[in-house]
A.B. asks: 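One structure follows; several queries about it will come next.
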Amino acid sequence: TKYKNGDLPPGCLDSNLWRGVFIPTVAHAAGGENVHPWLIEDNILIPILTKAWNMVYADHPSLLNHKIIPGDAVYHVAKQCLSKWHGGFGSAAIMIITSLMASDTAYETDQEHIEFAKFWLKDNHFLFSDVSSDDPEVRAWTGMWQSTFMLQTFAAHLNYTQGRVEVPVLNSDDEIMRASLALSVGAVTILLLCFAFPYSF
C-alpha cells in the first residue's frame, strides 16, 4: 500500500508541523551519528520517528497517543520524504559540477569533461578548498570538507532540515552530521565518476 499525506493521523499536518518541523527533524537525526547513510534500518528509524514525533507534537494530546510502527502511514510517508532527502544530495552535486564546467571555457568538450572529473577525483581533490600544491612530499592541501563541491552539496541537507527542532535524546543539537557528509561525498564521487568514465555507466 502506498500511503500519502491524506492517510496521516488527523491534525499532524496542521500549521505545517509535518513538513515544516517533523520531517526536517527526522532528516537531521538520520544524517547524524551511527546511522547508515543509505539504508536506515527499522530498529534505528522507528526510535528516531517516535522521539521526533513526541517532541514536535508535544502540545497535541490526541497525536501523542499515536504509536509509530513499521508499515503504518507515518512510517511510509516519512520514508518517502527521506528518499527525497537522499535525492537532494545527487541533485545538488549535478548542479554544482555541471555549473562549474559550463562556466569555464576550458571544459567544453567531452574529453575536457573527462579530464576535469579525473583531476578532482585524484586523491580526493574534490574534498579540499585549496589543492594548489603539487608537491607529493608536502601535499599542503587545506580546507578539507570546504570545497565548492562539498559546501554546495551539503547545503542540500541544510536546506532540507530548516525548521527542525532539537531533540536531546537524538543528539539533534550536534552540528557534525557524519551521515550527511558521507552522502555528500558519495553524491559528488558518483557524478565525477560518471563524467570521468562515461562509457562505463
Side-chain angles (χ1 to χ4, degrees), residues 18-53 56 70 74-101 116-129 131 141-167 169-198 200-201:
W18 172 268
R19 181 58 190 89
V21 184
F22 178 70
I23 291 301
T25 301
V26 170
H28 183 76
E33 299 283 347
N34 302 316
V35 180
H36 192 293
W38 295 109
L39 177 62
I40 306 175
E41 299 289 351
D42 285 351
N43 66 322
I44 299 294
L45 180 58
I46 293 297
I48 288 176
L49 294 174
T50 300
K51 292 167 184 174
W53 181 274
V56 173
V74 172
Y75 170 87
H76 275 294
V77 179
K79 288 193 73 170
Q80 292 167 23
C81 293
L82 287 176
S83 293
K84 293 180 181 178
W85 169 67
H86 277 133
F89 291 93
S91 298
I94 290 171
M95 182 173 293
I96 183 58
I97 291 173
T98 55
S99 295
L100 285 173
M101 290 192 292
F116 171 94
K118 287 186 175 180
F119 170 80
W120 288 108
L121 282 170
K122 183 179 179 181
D123 296 325
N124 294 323
H125 278 122
F126 71 88
L127 293 177
F128 299 85
S129 62
V131 292
W141 301 344
T142 60
M144 188 172 185
W145 309 116
Q146 297 175 33
S147 69
T148 298
F149 300 107
M150 292 302 302
L151 292 177
Q152 293 294 326
T153 304
F154 188 71
H157 170 72
L158 299 180
N159 290 335
Y160 197 87
T161 58
Q162 282 186 348
R164 67 181 177 86
V165 294
E166 293 185 4
V167 183
V169 291
L170 292 176
N171 296 320
S172 61
D173 57 342
D174 185 359
E175 297 297 334
I176 302 176
M177 297 282 93
R178 295 185 187 275
S180 300
L181 283 173
L183 287 166
S184 300
V185 172
V188 173
T189 301
I190 290 170
L191 191 60
L192 287 174
L193 285 170
C194 288
F195 277 109
F197 306 99
S200 301
F201 291 88

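Throughout, residue positions are numbered sequentially from 1 according to the sequence presented. It should be emphasised that the depicted structure is a prediction, and the values quoted were computed from it without experimental measurement.
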A.B. asks: Hey, does Leu192 have a side-chain heavy atom less than 4.5 Å from the side chain of Phe116?
C.D. replies: yes
A.B. asks: Counting N and O atoms only, with roles assigned by atom type, does the side chain of Thr161 sit under 3.5 Å from a partner on the main chain of Ala27, one being a donor and the other an acceptor?
C.D. replies: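 No, Thr161 side chain to Ala27 backbone: no donor-acceptor pair under 3.5 Å.
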A.B. asks: Would you say the side chain of Val56 lies within less than 4.5 Å of the side chain of Trp18, judging by non-hydrogen atoms?
C.D. replies: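 They are not in contact (no side-chain heavy atoms under 4.5 Å apart), so the answer is no.
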A.B. asks: Out of curiosity, Leu121 CG to Leu191 CG, how far, rounded to the nearest 0.5 Å?
C.D. replies: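 If we round to the nearest 0.5 Å, Leu121:CG and Leu191:CG are 9.5 Å apart.
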A.B. asks: Hey, what do you get for OG1 (Thr148) to CZ (Phe128), rounding to the nearest 0.5 Å?
C.D. replies: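 Rounded to the nearest 0.5 Å, the OG1-CZ separation comes out at 14.5 Å.
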A.B. asks: Which value, rounded to the nearest 0.5 Å, describes the distance between Ile190 atom CD1 and Phe89 atom CZ?
C.D. replies: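 Reported to 0.5 Å precision, the distance equals 12.5 Å.
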A.B. asks: For the residue pair Gln146 and Leu151, what are the closest heavy atoms and their distance?
C.D. replies: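 Here Gln146 and Leu151 meet closest at O-CD1, 3.4 Å.
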A.B. asks: Any chance you could lay out the side-chain contact (heavy atoms from CB on, under 4.5 Å) test for Leu100 and Phe149, step after step, and finish with the verdict?
C.D. replies: CA-CA 9 Å; Leu100 285 173; Phe149 300 107; 3.6 Å; yes
A.B. asks: Kindly indicate, with the supporting measurements, whether the criterion side-chain contact (heavy atoms from CB on, under 4.5 Å) is fulfilled by Ile97 and Trp120.
C.D. replies: CA-CA 11 Å; Ile97 291 173; Trp120 288 108; over 6 Å; no
A.B. asks: State, yes or no, whether a side-chain contact exists between Phe22 and Cys81 at a heavy-atom distance under 4.5 Å.
C.D. replies: no
A.B. asks: Nearest 0.5 angstrom please: Ile23 CD1 to Arg164 CZ, how far?
C.D. replies: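 Rounded to the nearest 0.5 Å, the CD1-CZ separation comes out at 15.0 Å.
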A.B. asks: Determine whether Leu45 and Leu82 make a side-chain contact, defined as any pair of heavy atoms from C-beta on separated by less than 4.5 Å.
C.D. replies: yes
A.B. asks: Any side-chain heavy atom of Phe195 sitting closer than 4.5 Å to one from Lys118?
C.D. replies: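 Result no, sub-4.5 Å side-chain heavy-atom pair not found.
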A.B. asks: Please report the shortest heavy-atom distance between Ala117 and Ala196, naming the atom on each side.
C.D. replies: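 Shortest heavy-atom contact: CB-N, 3.6 Å.
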A.B. asks: Which value, rounded to the nearest 0.5 Å, describes the distance between Gln152 atom CD and Ser147 atom OG?
C.D. replies: 9.5 Å
A.B. asks: Where do Asp42 and Pro70 come nearest, in terms of heavy atoms and distance?
C.D. replies: OD2-CB, 3.8 Å
A.B. asks: So, for His157 and Phe154, is the gap between ring centers shorter than 6.0 Å?
C.D. replies: yes
A.B. asks: Give a yes or no on whether the backbone of Met95 and the side-chain of Thr98 come within a donor-acceptor separation of less than 3.5 Å.
C.D. replies: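 It does hold such a pair.
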A.B. asks: Passes side-chain contact (heavy atoms from CB on, under 4.5 Å), Trp85 versus Ser180? Steps please.
C.D. replies: CA-CA 10 Å; Trp85 169 67; Ser180 300; 3.9 Å; yes
A.B. asks: Could you walk me through whether Lys84 and Tyr160 pass the side-chain contact (heavy atoms from CB on, under 4.5 Å) check?
C.D. replies: CA-CA 9 Å; Lys84 293 180 181 178; Tyr160 197 87; 4.2 Å; yes
A.B. asks: Describe, in one word, how the ring planes of Phe119 and His125 are oriented to each other, choosing from parallel (under 30°), tilted (30 to 60°) and perpendicular (over 60°).
C.D. replies: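 The arrangement is parallel - the two ring planes meet at less than 30°.
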A.B. asks: If you take all heavy atoms of Ala179 and Ala30, which pair is closest and at what distance?
C.D. replies: CB-O, 3.7 Å
A.B. asks: Less than 4.5 Å apart, any side-chain heavy atom of Trp145 and any of Val185?
C.D. replies: yes
A.B. asks: Look up atom CD1 in Ile48 and atom CD1 in Ile40, then write down how far apart they are to the nearest 0.5 Å.
C.D. replies: 6.0 Å
A.B. asks: Tell me, do Arg19 and Pro24 make a side-chain contact under 4.5 Å, heavy atoms counted?
C.D. replies: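 In contact.
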